[in-house]
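These notes concern the structure reproduced below.
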There are 2 protein chains.
Amino acid sequence: MADGRGTSSHSGENLLFLTDEQLRQAIEAMFFAYRGFTADPDRILVDMAYGRAHHRAIHFINRAPGTTVNNLLGLLGVTKQSLNRVLRTLIADGLVESQVGKSDKRERHLYLTEAGRALEQTLSDAQRVRMRSAFREAGPEAVAGFRSVLETMMDPEMRHSYQRLKENSG
Amino acid sequence: MADGRGTSSHSGENLLFLTDEQLRQAIEAMFFAYRGFTADPDRILVDMAYGRAHHRAIHFINRAPGTTVNNLLGLLGVTKQSLNRVLRTLIADGLVESQVGKSDKRERHLYLTEAGRALEQTLSDAQRVRMRSAFREAGPEAVAGFRSVLETMMDPEMRHSYQRLKENSG
DNA sequence: GAGTTTACGTCAGCCTTGTTGACTTTCCAA
DNA sequence: TTGGAAAGTCAACAAGGCTGACGTAAACTC
């Protein structure tokens with residue numbers, strides 16, 4: 001593992017893409033790419049009183065309208081206190097609406113308001129511009145590989161959430 | 001752009017992978033995957049008094065031994081005050097060594113100590129385990145696509161840093 | 001019907017990691 | 001020799017994580 005090889009080559013395959021050096025490069029690629037990934041929406045958010053946490057909440061509420069607070073906690077992977085702070089400001093600012101559940105009145109169902117949808121559109125447009133040009137440049141096969149690796153990299157629980165969101169949104 | 005299409009299809013190509021829905025899914029994949037990407041080293045770091053910022057500093061000092069503080073600032077994309085706080089603790093704990101430059105004595109050249117290298121190894125081993133199994137599962141073509149998309153997603157400046165690191169380390 | 005669990009909100013306090021601004025020391029270069 | 005770049009330090013602050021404790025209402029269970 002420390003000899004520069006990803007694995008002992010007990011098969012005939014070419015496993016050079018699994019060497020430690022290749023993996024190190026991939027780790028750096030993830031780091032640098034994620035910076036690019038968040039850069040554009042971040043620039044928009046600083047002008048408002050919001051941060052990346054607000055963006056994430058808005059993204060998933062838009063993606064799963066009517067989601068409960070508990071469900072959102074699972075998607076975001078933060079504590080309820082942390083989410084609540086963000087949600088409170090979004091509700092106070094009229095970007096998110098909280099509705100008491102009909103069947104279960106303990107639950108709050110979350111929806112974006114018109115203003116919330118507008119901000120979501122602005123942010124995701126900005127983020128998609130970069131994604132789209134990267135995808136176009138890299139081509140369909142590369143994109144398929146990109147998504148395949150990302151999916152296998154997730155924790156199983158996250159992968160499950162990811163798949164459910166995919167299915168519920170075409 | 002808001003009609004669910006990534007682009008008007010003025011060519012004969014199949015551009016379905018550029019639809020807004022596909023891009024949204026990719027955005028979510030990046031978010032969930034990055035969580036997985038950082039999860040393993042994070043678990044190790046909480047037991048020590050360190051965080052992700054320390055990990056990043058250690059990673060790049062290991063990767064580019066003798067790098068200057070200024071150079072490291074560019075790689076990490078933070079302020080010198082923020083980096084300095086991290087660096088100070090690493091130096092105090094004997095994981096990083098700071099050497100005054102020979103030609104330019106204003107510069108500080110940074111190196112990992114033996115203990116620093118040991119921690120780096122522990123952290124990157126943990127991170128590579130997940131990477132390696134994801135790569136193995138997805139296969140070489142997928143990995144090539146993965147890296148290609150990540151590279152085109154970086155800001156040009158970051159891409160340049162990334163390429164230089166690659167060249168200087170085989 | 002009483003007791004327990006669940007969902008949510010909130011207060012208080014803490015930590016990491018980012019920021020700006022001001023200031024000093026060192027030292028290179030015009 | 002003087003201006004400015006590089007490095008470091010101090011102070012103050014903010015975002016956004018965290019834990020722990022507590023309260024309320026609703027739902028569930030026995």
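By convention in this document, chain letters (A, B, ...) are assigned in the order of the sequence lines, proteins followed by strands, and residues within each chain are numbered from 1. Worth saying up front: this structure is predicted, and the values here are computed from it rather than measured. Values below: every heavy atom of this structure, side chains too, minus hydrogens, waters and symmetry copies.
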N/O donor to acceptor pairs below 3.5 angstrom from side-chain atoms of residues 104-111 of chain B, sequence neighbours left out:
unit_1	atom_1	unit_2	atom_2	d
B/Asp104	OD1	B/Arg106	N	2.9
B/Asp104	OD1	B/Arg106	NE	3.1
B/Asp104	OD2	B/Arg106	NH2	2.8
B/Arg108	NH1	B/Lys105	O	3.3
B/Arg108	NH1	B/Arg106	O	3.0
B/His109	ND1	B/Gly66	O	2.8

Got a list of side-chain donor-acceptor pairs under 3.5 Å for residues 94-103 of chain B, not counting sequence neighbours?
none

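Linking ILVMFWY residues whenever their side-chain heavy atoms come closer than 4.5 Å, directly or via other members, leaves B/Tyr34 and B/Val46 in distinct clusters.
At a cut-off of 3.5 angstrom, counting only N and O atoms as typed in the model, there is no donor on one side facing an acceptor on the other between the side-chain of B/Arg106 and the base of C/dT26.
Atom CG in A/Leu72 sits about 14 Å away from atom C1' in C/dA7, given to the nearest Å. Between the CG atom of A/Asn70 and the P atom of C/dA7 there is a distance of 5 Å, rounded to whole Å.
Nucleic acid contact for B/Ser103: sugar-phosphate only, since backbone atoms but no base atoms lie under 4.0 Å from a heavy atom of the residue.
Residue pairs meeting the side chain to side chain donor-acceptor pair (under 3.5 Å) criterion with at least one partner in residues 71-82 of chain A, sequence neighbours excluded, are A/Thr67-A/Asn71. Counting only residues at least two apart or in different chains, ring-ring contact (aromatic ring centres under 6.0 Å, His included) contacts with residues 74-96 of chain B are absent.
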Reading nucleotides 9-18 of chain C 5' to 3', which nucleotides get B (base under 4.0 Å from a protein heavy atom), which S (sugar-phosphate only), which -?
BBB----SBB
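Shown here are the ring pair (Phe, Tyr, Trp, His ring centres under 6.0 Å) partners of A/Phe31, two or more places apart in sequence or in another chain: B/Phe60. Annotation: salt bridge (charged side-chain N to carboxylate O under 4.0 Å, His left out) contacts of B/Arg159 (sequence neighbours excluded): none. Applying the salt bridge (charged side-chain N to carboxylate O under 4.0 Å, His left out) rule to A/Glu167 yields no partners; only residues at least two apart in sequence or on another chain are considered.
Taking a heavy-atom distance under 4.0 Å as the criterion, the stretch of DNA chain D touched by chain B extends 5' to 3' from D/dA5 to D/dC10.
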